[in-house]
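Worksheet: one structure, shown below.
Hydrogens, waters and symmetry mates play no part in the numbers below; they use all other heavy atoms, side chains included. Values in this document were obtained by computation on a predicted structure and should not be read as measured data.
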Amino acid sequence: MPQLLEPAQLNQLRLRNRAVLAPMTRVSAEPEGQPNELMRDYYQAFAQGGFGMLITEGTYTDTAYSQGYLNQPGLATEVQRDSWKPIVSAVHQAGAAIIAQLMHGGAQTQGNIHHARHVAPSAVQPGGRQLSFYGGEGPYATPAEITEAEIQEAIAGFVQAAKHARDAGFDGVELHGANGYLLHEFMTAEFNQRSDRWGGDYKARLTLPLEIIRAVREAVGTGFVVGMRLSQGMVTDSRLKWDGGLEAARYRIATLAAAGLDYIHITEADISAPAFEESESLAAIAKGAVEIPIVGNGAIGTGDQAQQLLDAGVLDFVAIGKAALANHDWPLRVQEQVPLTAFDFDMFSPMATITNELAWRGTHGRSAVRR
């Protein structure tokens, strides 16, 4: 699998391969949002296991409304910033790059130590129920409509968190515009029913993510990677589709990319599924709309699946999620043709913490491939 396992370039980063660890919420930080030694060992294991680049779990950006889960790590404060430094160092020493995913929980917030109030583009209650394996219980609360002052606070939070990530030694940041969190909500007609400059048709609803991309790029400079994760589906509605169809999707992706992104990260339940009726996949649409690299995540489990997507020219990098949780050494196993361990949802029982994953590994006697 030469393309999957050979070195590749992303902005100024020279990566040892095209295998990327997908961002996955682990709710294992300290209560005040500092990452810890458990997280250091967790991320270091993926780097030692051969991944070329790691994208962290969603990391909150300010001490107002951005935190989405209790025990979620942050990059909002200097203490949080400095707590990431040992993790970044351990990953770099093991030969991988590491990107900090910056996230604002928005309407899907389940736990925030800073504020009981939740905010979103409009006062629209998310459907479904909170995720118990991330510590939630019952239906989602109806958020308050975010004010102009709070929007400016959110923008400043993304900028400060990006600078903190740079100063902690990260190789870049990924702006979380997927899965139903705040930036995604601003882009959707369902959650964004505003009549001011932050709302309107699908073009106008790009205003906030575009401002954040530009502000972050200006703050960190051109040599620091800035990417963005996009999806149609949300945590609360996996069947959601973007309004406007194929042409609107191309416009969204191309416009966001042109604002200063180094890559687009597409995540769907199945990265190969048609985005709209009788259309290409969202990844293929993105690949045709922009010249920057496309990272893809969703139902990629084996090396053969990953290589087929690269061979087809749909993706430039493959992001591995559940299969990576079961196989921290996924790239080495693919390279050495060692059988992969199947993902087991019991790893998330009773919660999706690193501690419960370690307990699962102890029970199942998982071993790793070593170089």
Side-chain angles (χ1 to χ4, degrees), residues 1-8 10 13-26 28 35-57 73 84 86-101 169-172 174 265 267 295-307 309-310 315-344 346-348 352-371:
M1 300 184 183
Q3 192 175 5
L4 173 62
L5 298 173
E6 286 183 352
L10 180 61
L13 298 179
R14 183 65 171 169
L15 306 177
R16 61 187 171 196
N17 57 43
R18 297 177 185 270
V20 176
L21 175 70
M24 291 175 282
T25 298
R26 303 320 310 275
S28 296
N36 49 37
E37 291 183 358
L38 190 66
M39 293 172 61
R40 180 201 63 196
D41 295 344
Y42 168 80
Y43 283 112
Q44 184 181 41
F46 291 109
Q48 292 172 334
F51 282 92
M53 186 171 80
L54 316 182
I55 305 174
T56 73
E57 61 210 277
W84 277 104
I87 298 174
V88 173
S89 178
V91 168
H92 285 162
Q93 288 175 13
I98 182 166
I99 303 293
Q101 187 188 70
F170 282 97
D171 299 289
E174 178 176 283
H265 181 179
T267 179
V295 180
N297 165 249
I300 306 172
T302 69
D304 287 338
Q305 289 174 314
Q307 188 60 51
L309 290 163
L310 294 170
L315 300 178
D316 299 289
F317 297 88
V318 291
I320 309 300
K322 292 185 180 71
L325 284 182
N327 304 270
H328 286 196
D329 51 359
W330 187 89
L332 294 184
R333 286 179 171 264
V334 169
Q335 181 177 4
E336 302 298 330
Q337 299 183 6
V338 175
L340 295 169
T341 299
F343 173 77
D344 182 351
D346 284 348
M347 298 172 76
F348 283 5
T353 63
I354 298 172
T355 300
N356 287 333
E357 179 190 328
L358 290 172
W360 178 91
R361 290 182 180 282
T363 301
H364 291 74
R366 274 286 287 112
S367 61
V369 175
R370 298 299 179 192
R371 289 190 181 275

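- Aromatic pair F51/H328: centroids not less than 6.0 angstrom apart.
- Heavy-atom minimum distance, R40 versus P86: CG-O, 3.9 Å.
- Between the side chain of N327 and the main chain of L340, no donor-acceptor pair closer than 3.5 Å is present.
- Using modelled atom types, one side-chain atom of R333 and one backbone atom of P339 make a donor-acceptor pair closer than 3.5 Å.
- For E174, the side-chain hydrogen bond (donor to acceptor under 3.5 Å, both in side chains) partners are Q101, Y263, H265, not counting sequence neighbours.
- One finds the CD atom of Q93 at 7.5 Å from the CD atom of Q44 (value rounded to the nearest 0.5 Å).
- Here the closest non-hydrogen pair linking F46 and A324 is CE2-O, 3.3 Å.
- I320 contributes atom CD1, which lies 7.5 Å from atom CG of N297 (distance to the nearest 0.5 angstrom).
- D346 pairs by the side-chain hydrogen bond (donor to acceptor under 3.5 Å, both in side chains) definition with nothing, not counting sequence neighbours.
- Taking CD1 from I87 and CG from D41, the interatomic distance works out to 9.0 Å, rounded to the nearest 0.5 Å.
- The minimum heavy-atom distance linking L15 with A97 is given by the pair CD2-CB, 3.6 Å.
- Residue Q3 holds its CD atom at 12.0 Å from CG of N17, rounded to the nearest 0.5 Å.
- Looking only at distances, a side-chain donor or acceptor of N36 sits under 3.5 Å from a matching main-chain atom of M39.
- Residues that satisfy the ring-ring contact (aromatic ring centres under 6.0 Å, His included) test with W84, not counting sequence neighbours, are F170.
- Between L315 and L310 the shortest heavy-atom distance is O-CD2, 3.4 Å.
- Not a single side-chain hydrogen bond (donor to acceptor under 3.5 Å, both in side chains) links T25 to another residue, sequence neighbours left out.
- Rounded to the nearest 0.5 angstrom, W360 CH2 and T341 OG1 are separated by 6.0 Å.
- Residues that satisfy the salt bridge (charged side-chain N to carboxylate O under 4.0 Å, His left out) test with R26, not counting sequence neighbours, are E357.
- In this structure, the side chain to side chain contact (heavy atoms under 4.5 Å, CB included) partners of A306, at least two apart in sequence or on a different chain, are L4, I300, V318, W330.
- Between G169 and H92, the closest heavy-atom pair is O-CE1, 3.1 Å.
- Considering V91, I99, L54 in turn, L54 is the only one that fulfils the side chain to side chain contact (heavy atoms under 4.5 Å, CB included) rule with L21.
- Shown here for A100 and T56, the closest heavy-atom pair between the two residues is CA-OG1, 3.5 Å.
- Taking OG1 from T363 and CG from L358, the interatomic distance works out to 11.0 Å, rounded to the nearest 0.5 Å.
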